[in-house]
Protein chains: 2
Amino acid sequence: MHPTRERILDAAEELFAHHGFEGVSIRQIMTKAEADVSLAYYHFESKKDLFDQVMLRRVEYLNEIRLKALEEVEKRHPDDEPTVEEIIGAFTRPLLSLLAEDHDQWSHYYQLIAQINNSPDRGGELMSRYFDPLVSRFIDALKRALPDSDPEDLYWSYHFLSGALTLTFAETGRIDNLSGGACKSTDIASVIDRMPAFLAAGFRQLCKH
Amino acid sequence: MHPTRERILDAAEELFAHHGFEGVSIRQIMTKAEADVSLAYYHFESKKDLFDQVMLRRVEYLNEIRLKALEEVEKRHPDDEPTVEEIIGAFTRPLLSLLAEDHDQWSHYYQLIAQINNSPDRGGELMSRYFDPLVSRFIDALKRALPDSDPEDLYWSYHFLSGALTLTFAETGRIDNLSGGACKSTDIASVIDRMPAFLAAGFRQLCKH
DNA sequence: TTTGAATTTCAACAATCGTTGAACTAACAT
DNA sequence: ATGTTAGTTCAACGATTGTTGAAATTCAAA
């Protein structure tokens, strides 16, 4: 069995993702982790600290593989600029592939990010803290791929991208209802096939001069 | 001063939007509403019922004006089909205009919807219950505007639209950080100018045959 | 075998939670 | 004036909340 600290993080990740920070009690988390309540305060400072550690556990790895994907795309274009599709693919595909290939390990974390990204309270602050350095790097690449575009158009385009991506992470099952079962929230392969093309067309339309 | 029931709904709407259903206590709501705690249970059955009434208070009006906007677009095209931009405009503009023109009245409700749409727990169920009849009506219109398109492409395109729209509703301030102040989450006029074109280009790219 | 540190258990704290019943006031019909 | 009803206040219920201190256990190093 996993060491206690990991089991607590796993349980907290899943419960926070489903019911939010305040919708889950330490006792529920520790019951799911099969450990005594007090151990939460031996391994973590507080409930808030536990939440932060859940976030931090995976964020660096995600930023790493996404940066590497962008660098590889740029390495493939030593003389010209990569296309918008390639850049957006490097931004989204590492995340989506992870989710498609190891769903059990990543789905709850992604659901948590979906929730935070759309949380009016401190969503902007948290997402900026964890992801903005990487995102700025991608936006710079997009700026070069879309020369003479208005920066405001670019930021709003990224905003639309962010909303589309994180709603995918939420896996709410709504598209299952809407399509009468023809589409499934958990069918990430379908998203990998469609999202980069959809978003790249939007970027090119909005940032065309 | 507003009647008590309205004040409770106003307070609950704002607090639920900011901290989620379980992140807010009845006592906090009633303190903000400047009314006794017990009045919550005189005017509503339970906390859950209060939440439902917050949702229901505005949803019918929203569905009405959006349906009317679609019908007007279709009336303008008695012989041919409306464009994708026109349909998406009818879907999004009534909502965004309301938010732009009467921000204080609508922003909290929209933030609540953003949160629910991205909630893995019962987000899909709730959104489907309140909005799917209207959404199906719009998707039918889009089907006619994009003949011979694969229905799965259409549903996934709508999914991306939904994510982009509701992240706008969340008004998290993240785009403010990311753009160094050049863009503002609350600047809905900028979204009205950009979102229909961005999304229509995505739809046409993905659903082109 | 003794020591000391890391880990776990148990019991409890004040505060807050959603909810309820009974009493009280206001306004209005008879 | 009397009765009825809608609206409001007050006090309290058992349950659960996040958190803590001290005791018990485990386990490797000395």
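Lettering of chains follows the sequences in order, A, B, ..., and the numbering in each one begins at 1. Reckoned from all heavy atoms, side chains included, excluding hydrogens, waters and symmetry mates.
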Take S190(A) and D193(A), measure what side-chain hydrogen bond (donor to acceptor under 3.5 Å, both in side chains) needs, and give me the verdict at the end.
-> CA-CA 5 Å; S190(A) 285; D193(A) 288 343; 5.6 Å; no
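Each of L15(A), V59(A), L9(A) was checked for a side chain to side chain contact (heavy atoms under 4.5 Å, CB included) with V54(A), and the lone residue meeting it is L9(A).
Nucleotide dT17(D) holds its P atom 16 Å from the CD atom of Q28(B), rounded to whole Å. When the P atom of dC17(C) is taken as reference, atom CG of L15(B) falls 12 Å away, rounded to whole Å. Put simply, CD1 on I8(A) is 11 Å from C1' on dT8(C), counting in whole angstrom units.
Ring orientation note: the planes of F138(A) and F91(A) are nearly perpendicular, at an angle over 60° on the 30°/60° scale. Between F51(A) and F16(A), the angle of the ring planes goes over 60°, which puts this pair in the perpendicular group of the 30/60° scheme.
In the model, D49(A) has no side-chain atom that pairs as donor or acceptor with a side-chain atom of S46(A) under 3.5 Å. No side-chain donor-acceptor contact under 3.5 Å links E171(B) and H108(B). N118(A) and T172(B) share no side-chain donor-acceptor pair at under 3.5 Å.
At a non-hydrogen distance threshold of 4.0 Å, V24(B), S25(B) from residues 16-25 of chain B come into contact with DNA chain C. Residues from residues 35-51 of chain A with heavy atoms under 4.0 angstrom of DNA chain C, sorted by number: D36(A), S38(A), L39(A), Y42(A), H43(A).
Side-chain atoms of T4(B) lie closest to dT8(D) of the nucleotides dC17(C), dT8(D), dT17(D).
Counted within 6.0 Å of CD on E45(A), heavy atoms from surrounding residues, nucleotides or ligands total 12 or fewer; the atom is thus considered open.
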